[in-house]
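Since the structure comes first, as structure tokens, the remarks are kept for the end.
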There are 2 protein chains.
Amino acid sequence: MRADAQRNRDRIVEVARALFRVKGFEAVSMDEVAKAAEVGPGTLYRHFATKESLYDAVLEAWADKVNTAVDRALTLDGPARERLLSWLTDYAAMLTEHKGAAARITAALGDPGSPFAAKCRTYLGANQRMIEALDSALRPGVEAIQISRLVGGVAAVVDNSELPADAAASMLAVVADGLIAS
Amino acid sequence: MRADAQRNRDRIVEVARALFRVKGFEAVSMDEVAKAAEVGPGTLYRHFATKESLYDAVLEAWADKVNTAVDRALTLDGPARERLLSWLTDYAAMLTEHKGAAARITAALGDPGSPFAAKCRTYLGANQRMIEALDSALRPGVEAIQISRLVGGVAAVVDNSELPADAAASMLAVVADGLIAS
DNA sequence: GAACTATACGGAGACACTCTCCGTTTTGCA
DNA sequence: TGCAAAACGGAGAGTGTCTCCGTATAGTTC
């Protein structure tokens with residue numbers, strides 16, 4: 001890639017990240033991103049064929065955070081319920097970090113053709129590791145995609161309604177209790 | 001209201017209901033509704049100032065179904081868990097009946113200014129009746145809005161990803177177990 | 001049943017948004 | 001320095017929501 005192209009691409013992603021984070025996916029127009037990055041719409045669309053693929057690039061650094069968080073959660077001591085709840089809380093917090101991301105990523109969970117497919121694999125893998133670690137403490141037959149969808153659903157509600165952290169926590173507590181074998 | 005206006009209004013709602021149910025909220029344009037109802041865009045927008053208010057009118061008959069369903073659920077016998085799960089399943093099914101409705105109604109739960117506010121009150125009331133009926137079988141401190149949000153979140157995920165009924169059932173089972181006092 | 005007025009109709013179009021085409025400019029290499 | 005390939009960016013096509021306003025119609029009054 002030519003130096004000017006690389007510069008423009010980097011600037012677009014940086015500017016778009018700031019806009020998306022604050023205003024959410026829908027509320028940011030591609031023209032707005034192009035203007036803020038001081039490029040023409042044509043340039044923007046050559047780098048990112050659709051608005052979703054731009055969003056995907058914005059979320060790129062994010063998969064790392066998930067893996068770091070699950071590593072941390074796996075090393076914690078304590079009862080299974082506490083460890084699970086701690087992980088689900090971190091997980092939901094990361095999903096709501098960018099407005100609109102939770103619903104989008106969760107909707108893409110079963111769709112390998114989605115632009116967010118790589119993010120989904122990361123999330124599913126993280127939940128799978130958690131399942132294996134907690135093992136017999138969980139209800140039998142629980143799958144990573146179920147956990148991903150449940151927490152994704154909670155995160156999407158929190159995100160859409162802009163709920164405070166304690167509302168999220170009380171919903172996650174219900175989910176965690178439901179996931180623990182009784 | 002003049003007779004021709006009433007005729008047009010009725011036809012618009014009828015046509016819009018059919019379109020929304022199949023294609024979902026986003027995929028139906030107001031022009032499309034106007035053409036199908038054989039009125040001009042101006043007429044459509046005089047009756048329904050926004051697309052959301054048209055959707056609200058389409059869902060009008062729906063509140064009755066919720067109240068009927070909760071009445072039925074309250075008369076059932078059996079263990080609390082079964083009764084709760086039966087109600088949550090019905091509730092989720094009604095939310096996913098119209099594509100896109102679950103996320104929209106759930107997002108409006110805490111917003112009295114939303115066009116869906118009346119629907120939200122119906123849902124919250126139904127869950128409140130269920131809470132009172134199950135009483136001590138539920139975890140302490142659970143509120144109608146929590147249940148509404150949890151099930152709304154599950155329904156939105158099911159709707160977005162077009163999941164089969166058994167995927168919905170396994171998620172609702174987790175939620176129901178989490179809601180039952182342990 | 002004719003005239004009149006308030007009400008409703010409907011199409012042209014303003015505005016916003018996503019995305020494309022193509023003439024112009026810039027870059028990096030020979 | 002010259003040149004080909006790559007990238008730029010703006011005009012505009014296509015689609016969507018929603019508005020304005022001249023025209024048509026319903027319902028009332030005589």
Checklist entry - Can you list the steps and then say if His47(A) with Val39(A) is a side chain to side chain contact (heavy atoms under 4.5 Å, CB included)? => result CA-CA 11 Å; His47(A) 285 295; Val39(A) 299; over 6 Å; no
Next on the checklist: Is the phosphate of dC9(C) approached by His47(B) (side-chain N or O, under 4.0 Å from OP1 or OP2)?
Outcome noted: yes
Next on the checklist: With a 6.0 Å cut-off (strictly less than), is the heavy-atom count around CD of Glu38(B), excluding the residue itself, greater than 12?
Outcome noted: no
Checklist entry - Base, sugar-phosphate alone, or nothing: which one does Ala34(A) contact when heavy atoms must sit under 4.0 Å apart? => result nothing
Checklist entry - Given atom CE of Met30(A) and atom P of dA11(D), what is their separation to the nearest angstrom? => result 19 Å
Checklist entry - To the nearest angstrom, how far is Arg11(B) atom CZ from dA8(C) atom P? => result 15 Å
Checklist entry - Should Asn8(B) be listed as having a side-chain N or O under 4.0 Å from OP1 or OP2 of dA8(C)? => result no
Next on the checklist: Just the rounded figure in Å: distance from P of dA8(C) to CZ of Arg9(B).
Outcome noted: 12 Å
Item to check | Under-4.0 Å side-chain N/O to phosphate OP1/OP2 contact, Thr43(A) with dA7(D) | outcome: no
Next on the checklist: Closest approach to the side chain of Asp4(A), judged atom by atom: which nucleotide of dA8(C), dA7(D), dT18(C) is it?
Outcome noted: dA7(D)
Checklist entry - Does the side chain of Val13(A) come within less than 4.5 Å of Phe48(A)'s, by heavy atoms? => result yes
Checklist outcome for this item: Walking DNA chain D from its 5' end, the first of Lys51(B) and Glu38(A) to be reached, judged by nearest nucleotide, is Glu38(A)
Checklist outcome for this item: Of Gln6(A) and Ala3(B), the one whose nearest nucleotide on DNA chain D sits closer to the 5' end is Gln6(A)
Checklist entry - Looking for any heavy atom pair under 4.0 Å, which part of the strands does Val28(A) touch: base, sugar-phosphate only, or nothing? => result sugar-phosphate
Item to check | Rounded interatomic separation in angstrom, taking OH from Tyr55(B) and P from dT17(D) | outcome: 14 Å
Item to check | Rounded interatomic separation in angstrom, taking CE from Met1(A) and P from dA7(D) | outcome: 7 Å
Checklist outcome for this item: Leu44(B) CG to dG16(D) P, in whole Å, measures 14 Å
Item to check | Nearest-nucleotide comparison on DNA chain C, the residue closer to the 5′ end among Phe25(A) and Arg46(A) | outcome: Phe25(A)
Next on the checklist: Less than 6.0 angstrom from the centroid, inside 45 degrees of the normal: does Arg104(B) satisfy that with respect to the ring of Phe25(B)?
Outcome noted: yes
Checklist outcome for this item: The reported gap from OG in Ser86(A) to OH in Tyr91(A) (rounded to nearest 0.5 angstrom) is 14.5 Å
Next on the checklist: At less than 3.5 Å, do the side-chain atoms of Arg2(A) and the base atoms of dA6(D) form a donor-acceptor pair?
Outcome noted: yes
Checklist outcome for this item: Closest to the side chain of Val39(B), out of dG10(C), dA7(D), dC18(D), is dG10(C)
Item to check | Rounded distance in Å - CG (Asp31(B)) to P (dA16(C)) | outcome: 18 Å
Checklist entry - Using a cut-off of less than 4.0 Å, is there contact between a side-chain N or O of Tyr45(B) and OP1 or OP2 of dT19(D)? => result no
Next on the checklist: Which nucleotide wins on minimum distance to the side chain of Pro41(B), given the candidates dA8(C), dA12(C), dA7(D)?
Outcome noted: dA12(C)
Item to check | Flag side-chain contact, heavy atom, 4.5 Å: Leu150(A) against Val175(B) | outcome: yes
Checklist entry - What is the distance, rounded to the nearest whole Å, between atom NZ of Lys35(B) and atom P of dC18(D)? => result 16 Å
